[in-house]
Q: 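Have a look at this one.
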Amino acid sequence: MKRFKFIAVLLMFSLMGFSAKKEITNVGFTFNPATLNIEAGDNVTFVLEGIHNAVEVSQATYDANGTTPLPGGFSVTFGGGEVLPAQLPIGTHWYVCTTHGPSGMKG
């Protein structure tokens, strides 16, 4: 039984070692970094000033400097927050600040 517990704990820590924490901040009215590669299981944290948020949008909305949220997409409140791996399926994710997206604050 002790051997099983040891293996289970070892497996848990090895799986945790493959995930990373990524951070996105704002520099004025831009996201930094503007693009970010994440791996499956990574957590993404937005550390933003209180006047900025981040809302996932479609590519068409992103291209048009719009702010219409993507149904089922992630949303981070003003001032920032964390996006969990379950909210980030494999693929490209476009996001904007709903207040400043029309002037180009997007990532």
Side-chain angles (χ1 to χ4, degrees):
M1 184 65 154
K2 288 182 181 181
R3 185 178 196 167
F4 174 73
K5 286 181 183 178
F6 175 75
I7 292 172
V9 169
L10 185 62
L11 179 61
M12 180 180 73
F13 282 113
S14 68
L15 291 175
M16 289 171 55
F18 290 112
S19 66
K21 293 187 179 198
K22 306 290 178 89
E23 186 174 280
I24 299 170
T25 62
N26 71 280
V27 176
F29 295 95
T30 61
F31 288 109
N32 184 42
T35 61
L36 178 66
N37 291 322
I38 61 172
E39 302 292 326
D42 288 353
N43 285 25
V44 178
T45 302
F46 285 81
V47 180
L48 307 172
E49 294 174 14
I51 61 171
H52 302 299
N53 68 345
V55 175
E56 187 172 5
V57 297
S58 68
Q59 182 179 6
T61 300
Y62 178 93
D63 290 343
N65 289 333
T67 61
T68 304
L70 181 68
F74 69 81
S75 179
V76 176
T77 62
F78 287 89
E82 187 173 23
V83 180
L84 300 175
Q87 297 171 289
L88 296 170
I90 294 174
T92 302
H93 299 271
W94 293 272
Y95 55 91
V96 301
C97 172
T98 55
T99 307
H100 305 108
S103 59
M105 187 170 182
K106 55 189 186 174

Q: Taking transitive links into account, so neighbours of neighbours count too, which hydrophobic residues share a cluster with I90 at under 4.5 Å side-chain distance?
A: none
Q: If I compare all heavy atoms of G41 with all of P85, which pair ends up nearest, and what's the gap?
A: O-CG, 3.4 Å
Q: Give the other cluster members for V96, using side-chain heavy-atom distances under 4.5 Å between Ile, Leu, Val, Met, Phe, Trp and Tyr residues; answer none if it is isolated.
A: V57, Y62, W94
Q: Using the rule that two of Ile, Leu, Val, Met, Phe, Trp, Tyr join whenever any of their side-chain heavy atoms come within less than 4.5 Å, decide whether F31 and L36 are in one cluster.
A: yes
Q: Applying side-chain contact (heavy atoms from CB on, under 4.5 Å), name anything that partners T45, two or more places apart in sequence or on another chain.
A: V47, E82
Q: Could you work out, with side-chain contact (heavy atoms from CB on, under 4.5 Å) as the rule, every residue matching D63, not counting sequence neighbours?
A: Q59
Q: Show me the donor-acceptor pairs within less than 3.5 Å that the side chains of residues 65-77 make with the rest of the protein, sequence neighbours left out.
A:
unit_1, atom_1, unit_2, atom_2, d
N65, OD1, K106, NZ, 2.7
T77, OG1, G80, O, 3.4

Q: List the atom of P33, the atom of Y95, and the distance in Å for their closest heavy-atom pair.
A: O-OH, 3.9 Å
Q: When rounded to the nearest 0.5 angstrom, what is the spacing between CD in E56 and OG1 in T92?
A: 10.0 Å
Q: Can you spot which of I24, T25, N26, N53 makes a side-chain contact (heavy atoms from CB on, under 4.5 Å) with F46?
A: I24
Q: Applying ring pair (Phe, Tyr, Trp, His ring centres under 6.0 Å), name anything that partners H100, two or more places apart in sequence or on another chain.
A: F29, H52
Q: Taking side chain to side chain donor-acceptor pair (under 3.5 Å) as the test, write out the residues that go with S58, two or more places apart.
A: T61
Q: Can you run down the salt bridge (Lys or Arg N to Asp or Glu O under 4.0 Å) pairs that involve residues 20-36, sequence neighbours left out, and say none if there aren't any?
A: K22-D42
Q: Does a side-chain heavy-atom distance below 4.5 Å link N43 with V83?
A: no
